[in-house]
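What follows is one structure encoded as structure tokens, with my remarks underneath.
Since the model is a prediction, treat every value here as computed from it, not as a measurement. Just so you know, ligand 1 is whichever comes first in the structure, and atom 1 is the first atom listed for that ligand. Heavy atoms only: backbone and side chains are in, while hydrogens, waters and symmetry mates are out.
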Amino acid sequence: MLRILVLGAGAGGGFPQWNCGCAQCRRARAGDPAAPVRTQSSIAVSADGLRWTLINASPDLGRQLLDRPTLHPVSDTRHSPISAVVVTNADVDHVAGLLTLREGHPFPLYATTRVHGILGANAIFNVLNRDIVDRRPLAVDTPEPLTDANGEGLGFTVELFPVPGKIALWLEDPTKPGFGSVPEDTVGVKVTEVLPGGEEGAHFYYIPGCAALPPDLAARLDGAALVLFDGTTYTDDEMAAHKVGTKTAGRMGHMAMSGPEGSLAAFAKLDVGRKVYIHINNTNPVLVADTAERRAVEEAGWDVAFDGMEIAL
Ligand code: MLT
Ligand code: MN
Ligand code: ZN
């Protein structure tokens with residue numbers, strides 16, 4: 001069985017965002033049960049219920065680990081159930097939490113060569129001692145059985161595949177087409193259980209950033225039991241409409257939920273067992289339980305992820 005634990009269902013900035021006084025951030029800050037706090041983007045996955053792999057390491061990781069007893073140390077000395085980390089891109093909300101893991105805990109760090117290159121060029125990530133934090137490259141479109149720091153199998157494979165998107169905000173080069181993005185800059189993840197006999201078990205997809213659903217990607221996801229998908233905004237121009245920014249979702253490398261080009265319409269044509277929105281921006285009304293937009297996505301068969309959500313597959 002694959003267990004999935006949502007550590008952070010929010011997008012970059014989280015919900016509430018520290019510098020946002022909008023109505024729904026105020027509700028979250030006030031502890032309104034209809035508007036629960038969502039920390040920044042990360043999930044944990046385990047096949048044995050003991051050793052957990054982080055997929056993305058958010059700036060809120062310290063709080064997330066405190067909040068989730070499953071991820072607390074189980075020995076009297078130094079220990080952590082965190083047995084590996086995979087990052088899907090170099091966005092701040094997906095890599096800043098690596099700095100929280102610097103206290104001498106051995107784990108392999110899996111990412112594309114592109115992302116390893118970006119992290120390697122940033123001396124601050126040298127706090128992750130290479131003697132115990134093994135940088136392991138993942139080739140796209142190639143399922144890789146993950147192992148822990150001792151080389152013991154973690155009970156699942158991970159396959160990264162490029163999806164429409166863009167380079168991390170902090171690496172954008174305005175002089176280059178697509179801001180200098182390459183296909184490996186944004187990837188989705190397929191996690192597939194490996195049963196004790198070696199045969200494939202359950203699988204799911206985790207795609208926290210995705211700018212469009214072209215036919216090949218739609219075909220890949222069609223028939224899946226579970227997809228956790230980019231729920232950054234409800235409308236493409238939401239940041240401007242809330243007067244908290246100017247960028248569209250598309251400009252940020254995300255597809256909106258609504259509209260003819262949105263994820264609601266795109267997934268309506270697919271057969272997906274369970275659809276869960278994740279990486280949800282603080283401007284998105286689906287974060288709040290009593291909104292029309294939340295009703296609309298639920299009526300379309302979607303769940304809206306929350307911190308601490310558990311899914312077993
Ligand atoms: C995004 O998902 O677009 C990024 O995480 C934005 C950011 O870096 O804050
Ligand atoms: Mn993000
Ligand atoms: Zn807000």
Side-chain angles (χ1 to χ4, degrees), residues 6-32 34-43 54-61 64 86-99 111 115 118-119 122 163-174 178-181 185-189 206-212 228-257 263 277-288 291 293 305 307:
V6 174
L7 300 185
F15 177 60
Q17 182 170 305
W18 66 280
N19 62 343
C20 190
C22 80
Q24 57 184 38
C25 281
R26 280 176 197 273
R27 288 180 68 174
R29 214 171 271 119
D32 183 336
V37 166
R38 261 76 163 202
T39 61
Q40 296 172 72
S41 182
S42 173
I43 64 170
L54 299 183
I55 310 189
N56 291 322
S58 126
D60 298 320
L61 183 59
Q64 293 168 347
V86 179
V87 298
T88 60
N89 59 23
D91 284 3
V92 170
D93 56 349
H94 291 161
V95 301
L98 292 171
L99 303 177
V115 169
I118 293 165
L119 299 178
N122 267 269
V163 301
K166 70 164 185 64
I167 194 168
L169 173 64
W170 58 280
L171 293 166
E172 286 185 4
D173 180 346
F179 307 102
S181 306
D185 276 322
T186 308
V187 297
V189 188
Y206 170 60
I207 311 175
C210 187
L228 299 150
F229 194 77
D230 183 341
T232 307
T233 72
Y234 191 77
T235 44
D236 193 51
D237 64 351
E238 190 168 292
M239 304 263 291
H242 285 73
K243 299 190 171 51
V244 295
T246 52
K247 284 182 186 168
T248 61
R251 168 64 185 84
M252 297 187 292
H254 300 289
M255 67 194 288
M257 295 177 177
S263 53
Y277 277 127
I278 199 158
H279 188 281
I280 307 160
N281 196 52
N282 49 79
T283 49
N284 191 328
V286 307
L287 285 170
V288 182
T291 60
E293 292 84 354
D307 291 17

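When all heavy atoms of Val163 and Cys210 are compared, the pair lying nearest together is CB-SG, 4.0 Å. Residue Thr235 comes nearest to Thr233 through the heavy atom pair O-OG1, 3.0 Å, listed as atom of the first residue, atom of the second, then distance. Here the closest heavy-atom approach between residue His279 and residue Gly12 is recorded as NE2-N, 4.1 Å.
Protein heavy atom in closest approach to atom 5 (O) of ligand 1: Asp93 OD1, 2.9 Å. Of all protein heavy atoms, the one closest to atom 6 (C) of ligand 1 is Leu169 CD2, 4.5 Å. In terms of protein heavy atoms, atom 9 (O) of ligand 1 is closest to Gly12 CA, 4.2 Å.
In this structure, a donor-acceptor pair under 3.5 Å is absent between the side chains of Thr186 and Asn89. Residues His254 and Asp236 bring no donor and acceptor atom of their side chains to less than 3.5 Å of each other. A side-chain N or O of Tyr277 and one of Ser263 form a donor-acceptor pair less than 3.5 Å apart. Residues Ser41 and His94 bring a donor and an acceptor atom of their side chains to less than 3.5 Å of each other. Checked by atom type, the side-chain pair Thr283/His242 shows no donor-acceptor distance below 3.5 Å.
Considering only non-hydrogen atoms, atom 1 (C) of ligand 1 lies nearest to His254 out of His254, Gln17, Glu172, Lys247.
Under the 4.0 angstrom criterion for non-hydrogen atoms, His94 is not in contact with ligand 1.
Annotation for ligand 1: atoms under 4.0 Å from non-hydrogen atoms of Met252 are 3 (O). Near Asp91, with a cut-off below 4.0 Å to any heavy atom, the atoms of ligand 1 are 1 (C), 2 (O), 4 (C), 5 (O). Ligand 1 places these atoms under 4.0 Å from at least one heavy atom of His279: 2 (O).
Here 2 is the count of protein N, O or S atoms positioned under 2.8 Å from the Mn ion (ligand 2), waters not counted.
Among Asp93, Asp60, Asp307, Asp91, the one residue that satisfies the side chain to side chain donor-acceptor pair (under 3.5 Å) test with Gln40 is Asp60.
Counting heavy atoms from C-beta on, the side chains of Leu54 and Leu61 come closer than 4.5 Å.
Side-chain N or O atoms of Arg38 include one that pairs as donor or acceptor with a backbone N or O of Ala305 at under 3.5 Å.
Within 6.0 Å of the CZ atom in Arg251, the count of heavy atoms belonging to other residues, nucleotides or ligands exceeds 12.
Judged by the 6.0 Å and 45° rule, Arg27 forms no cation-pi pair with Phe15.
Residue-and-atom listing of protein N/O/S atoms under 2.8 Å from the Zn ion (ligand 3), sorted by chain and number: Cys20 SG, Cys22 SG, Cys25 SG.
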